[in-house]
2 protein chains.
Amino acid sequence: MRILFVEDEKKITDALQELCKIQNIDCDIANDGEEGLLFALNPIYDVIVLDIMLPIKSGIEILQQIREQGINTPVLMLTAKGTIDDKVKGLDLGADDYLIKPFSAKELFARIRALGRRPDHGIKGETIVFEDVNFNTKKNILQTAEKEFKLSVKEAKILEMLLKRPNQVFTREQILDRVWGFDKEVNENNIEIYVHNLRKKIINTQVKIDTIRGVGYTLGKK
Amino acid sequence: MRILFVEDEKKITDALQELCKIQNIDCDIANDGEEGLLFALNPIYDVIVLDIMLPIKSGIEILQQIREQGINTPVLMLTAKGTIDDKVKGLDLGADDYLIKPFSAKELFARIRALGRRPDHGIKGETIVFEDVNFNTKKNILQTAEKEFKLSVKEAKILEMLLKRPNQVFTREQILDRVWGFDKEVNENNIEIYVHNLRKKIINTQVKIDTIRGVGYTLGKK
DNA sequence: TTCGACAATGAGTATTTTTTTCATGTTAAC
DNA sequence: GTTAACATGAAAAAAATACTCATTGTCGAA
């Protein structure tokens, strides 16, 4: 699971970062609206958390613009107390949930988890099901009809990303961003290796990973 | 056994803490609803005791939210006299028992013990049974077909934690929190040592402890 | 209160697994 | 056919976990 927080208060972002670490969640932080939009346009997140009051560009604007661009990542808006207008606006524009500031961090995560596992992507509790494979995201175990594979952390992250959105094409850059994190200097060949390993493991299933030459990869039904 | 009390009256929490100590029960205390939810989302407790009237966030809300998150730890609600509505609400939302304030400590602990050994986790009286091992939580004795082991306190706490929820993955962090307590600075290597010792003891049984690399441990059937 | 036995911990080494690098083979597009 | 992108295999490097041992701490019995 990877989350984007767009929030300018350092005190808050520090706490969120720490909480993510404890819960084994990957996250990125954008400190203003401009940066936020830039990050949010990258369709690699399970959930985006948008503060409304932000420098440069408001959360509402960000939401509006990413939805225009066809990004349908679940969005949770943070609204200041009493600005119900904003809340309504946000929901109108396609926010999926909202939370009134000041909020408790744990409540935020409760809602994030709820958004992150909405059942429209074959997610059943802690496992993702697609065709004849299922993947336990807690134990990182890939189950096929004939065999069971314990995946490494990186393998698991790539599979989870592809499996959560079958038929969506992910660029190599997006995979790097989500699995290795931004500003990591990693050889793109590593992606090829992990895809190769995954392909070996799903070879006898109804699932395949296609190469989109010059772009990236996508997972789908055979 | 580890219990969470969410209760804001210091007089009560002091007494509970003392009573736990006498009975050799580990406990944590949260003084308001926010903190309570934070603690309660950590699936390391055998029982959670929730006062309903709490600062910041009510016990009902906490219960609601932890159940949404799939935490199925038994919950005992404390309701003020006459607020029967609250009682019903609590049971509706998935509370497992309730107690009307003011209550006698003896009764509270009787009910806690009852909740703590509900038979859905192989708990029979003071022993936990799973496959061909059983573990006496009072005497810290692990019984296998061929042998009997007297476990040390730490060994016993880890085994109890794993044994009570087979197949659930516990992160190293959660194990530290439950066995050593919060804010303890302990080398994670200690977990490995105890897991190693436990594995040696269950080697000829139907039970195994799996490593989930990069995450933690889980106990299950071979 | 002191002693002895055992438990808990820290530090270090060994082992296993993961991650990355590198070298080379294959395929698709032009 | 040439070239760039991708696939594959093997091995080096790094990281995580397993295990060992020495030291320190704790607790009960004498």
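The analysis underlying the following values was restricted to heavy atoms, covering all of them including side chains, and did not include hydrogens, waters or symmetry mates. This is a predicted model, so every value here is computed, not measured. Letters A, B, ... mirror the listed sequences (proteins, then strands); counts begin at 1.
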Quiz item: Looking at A:Phe39 versus A:Phe182, is the centre-to-centre ring distance below 6.0 Å?
Solution: yes
Quiz item: In terms of side-chain geometry, is the basic nitrogen of B:Asp32 or B:Lys57 positioned less than 4.0 Å from the acidic oxygen of its partner?
Solution: no
Quiz item: Quick one: A:Glu188 CD to D:dA4 P, roughly how many Å, whole number?
Solution: 16 Å
Exercise. Using the six-membered ring wherever Trp is involved, compare the ring planes of A:Phe5 and A:Phe109 and label them parallel, tilted or perpendicular (cut-offs 30° and 60°).
Key: perpendicular
Exercise. Starting from the 5' end of DNA chain C, give me the residue, B:Glu185 or A:Val153, whose nearest nucleotide shows up first.
Key: B:Glu185
Exercise. Would you mind reading off the distance between B:Asn187 atom CG and C:dA8 atom P, rounded to a whole angstrom?
Key: 15 Å
Quiz prompt | Gap between atoms CG and P, on B:Asn197 and D:dT17 respectively (whole Å) | solution = 18 Å
Exercise. Select one nucleotide: of D:dA18, C:dT9, C:dA8, the one nearest the side-chain heavy atoms of B:Tyr217.
Key: D:dA18
Self-check item: Interatomic distance, B:Leu198 CG vs D:dC19 P [rounded to whole Å]
Solution: 12 Å
Quiz item: In whole angstroms, how far is the P atom of D:dT17 from the CD1 atom of B:Ile175?
Solution: 11 Å
Quiz prompt | Side-chain heavy atoms of A:Val75 within contact of A:Ile66, under 4.5 Å | solution = yes
Exercise. Nearest whole angstrom, please: distance from the C1' of D:dA5 to the CD of A:Glu173.
Key: 16 Å
Quiz prompt | A:His196 side chain near D:dT8 phosphate (N/O to OP1/OP2, under 4.0 Å) | solution = yes
Quiz item: Taking only side-chain nitrogens and oxygens of B:Thr211, does any of them come within less than 4.0 Å of OP1 or OP2 of D:dA18?
Solution: yes
Self-check item: Pairwise 5' ranking along DNA chain D for A:Arg213 and B:Arg199, keeping only the more 5' one
Solution: A:Arg213
Quiz item: Taking atom C1' of C:dC6 as reference, at what distance in whole Å does atom NZ of B:Lys154 sit?
Solution: 14 Å
Self-check item: Side-chain N or O of A:Trp180 closer than 4.0 Å to phosphate OP1/OP2 of C:dT20
Solution: yes
Practice problem: State, with a plain yes or no, whether a side-chain heavy atom of B:Leu151 is found less than 4.5 Å away from one of B:Ile141. | Solution: no
Practice problem: Nearest-nucleotide wise, let me know which of A:Asn190 and B:Glu192 is further upstream toward the 5' end of DNA chain C. | Solution: B:Glu192
Exercise. Measure distances between side-chain N and O atoms of A:Asn189 and base N and O atoms of D:dC6, and say whether any donor-acceptor pair falls under 3.5 Å.
Key: no
Quiz item: Can you check the B:Tyr194 OH to D:dT17 P distance for me, whole Å?
Solution: 19 Å
